[in-house]
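These values consider heavy atoms only, across backbone and side chains, with no hydrogens, waters or symmetry-generated copies. As the structure lists them, so they are numbered: ligands from 1, and atoms in each ligand from 1. Source: prediction; values computed, not measured.
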Amino acid sequence: MLNLVKPEEIDFDNLGFAYIATKTMFWATHDGTKWTDGELRPFGTFEINPAACILNYGQGVFEGMKAQRTKQNELVLFRPLENAIRCKESCERLCIPPYDPQKFVYWVKQVVKANADYVPPYGKGALYIRPIIFGSGPILGVAPAPSYTMIIFVIPVGPYFKEGFNPIKLEISKKYHRAAPKGTGNIKYVGNYAGTMLPSEETHAAGFAQIIYLDAAEEKYIEEVGTANFFCVVDGILLTPQLGSILPGVTRKSVIELARDQLGMSVEERNVRYEEVFKASEVFCTGTAAVVTPIGSIMFEGKQYIFNDFKVGEITQKLYDLLTEIQLQERDDPYGWVENVND
Ligand SMILES: *Cc1c(COP(=O)(O)O)cnc(C)c1O
C-alpha cells in the first residue's frame, strides 16, 4: 500500500503528521567498499533480504529536517549541514559507513526540488525530510552488515500548532528510561524509538502529550521529552540539560544561540534537577517538528505543577518568533542558517 497521492489531490488545509507517498526519493548503496553516487528514483517499495542487519539487529539511523515555502515562494532549508554532520556521527557509532555531509545536503536539495509540488503553501506546514541509512546486507552473527542502503524521502506535514500556539501538559515518569549513560541516546539510532512507544501510549491514555524522561543513572535530572529537547527559565536564566545521553538537537543549539545573542540571556547547559523545574517561570521544548513548544504543566508523583498560569511565556514567545522568522526569511539571518534549495 503506497497510497500515492498527486500534489493537486492533497488537502493542504488539513495536513497532519501522517504518511503520504510523494513522487521522488533518493537512493544510494554501499557495497562494503564505497557509496555509489546515488540517484533520484520514483518513491516505492523495495526487496530486502530476511537476514538484513537492519531487520535482525537494528543497524540503522535516521534524520529529520524540513523544507518550507517562504512568502516569496522560495523553498528553504534550516541548517541542513548540521543534520548531515549529525547523521555522519550517528553512522560512526553504529559501524555504518558514513555518507559525505556535503553530498548529503546536495541530495536533500535535489529531493526537495523534485518534490516541490508537495511543499505546502506558505504558512500551511512543511515538507518533512526523512533521510535513513541502514545495514541492508545479510549477516548472521552480530556484526556490521556487508552492505548498506541510504534513502531520502519526503512527506508534506501540517503546521505543528493547528489550534494555535498552546501550552502542552507533560508528565515526569520514573517508570521508563529513554537512554542509558554512554549508550546510544545521543544519536538518531532507530532502536531508540520503539521503546518509547509504550510509554507514549500510557501517558496519552492518562491525558498527557508526552513523557519527560529522567537520567537513567540517578533519576534526578531532566533528560528530554520523547523527541524534543527540554528548556526552562529559572530566575531569568535559561537552563537546558547538557549533552550526554540526550539527542543534540539542531533546534536546541539554535535556541541557545538566539537566547544568548538576541535576548542577552545567560544560558546554562548542565544537569537540571527536576525539583528546580518546579519553580521555573517558563518551560518549553524544542525540535524540528515541535519548533518551540510551550509546556503549561508537569505532573510528577501525583502533583501537578503549572507554569506561567498555563499561558505562553514571554521568553518562549520571543524565541519562537525569532526562530520561525529566521527560518522563513522574515528577519535578518546573521548566522547564515537558512539555505535556498537552489543554492
Ligand atoms: C530529533 C530529536 C530531537 C530534536 O532534534 P532537532 O534536530 O532539533 O530536530 C530531540 N530529541 C530526540 C530524541 C530526537 O530524536
Could you tell me whether Glu275 and Lys220 have a side-chain N and a carboxylate O separated by less than 4.0 Å? no

Is any NZ, NE, NH1 or NH2 atom of the basic residue among Glu224 and Arg178 found under 4.0 Å from an Asp or Glu carboxylate oxygen of the other? yes

With a 6.0 Å cut-off (strictly less than), is the heavy-atom count around CG of Asp235, excluding the residue itself, greater than 12? no

Side chain to side chain donor-acceptor pair (under 3.5 Å) between Ser136 and Thr149, worked out: CA-CA 6 Å; Ser136 44; Thr149 302; 2.7 Å; yes

Would you compute the distance between atom CD of Gln327 and atom CZ of Phe78 and round it to the nearest 0.5 angstrom? 5.0 Å

Exactly which residues line ligand 1, taking a heavy atom under 4.0 Å from it as the test? Arg86, Arg178, Lys188, Tyr193, Glu224, Gly226, Thr227, Ala228, Asn229, Leu247, Gly249, Val250, Thr251, Gly287, Thr288

Qualifying ring pair (Phe, Tyr, Trp, His ring centres under 6.0 Å) pairs with a residue from residues 184-224, counting only residues at least two apart or across chains: Phe62-Tyr193

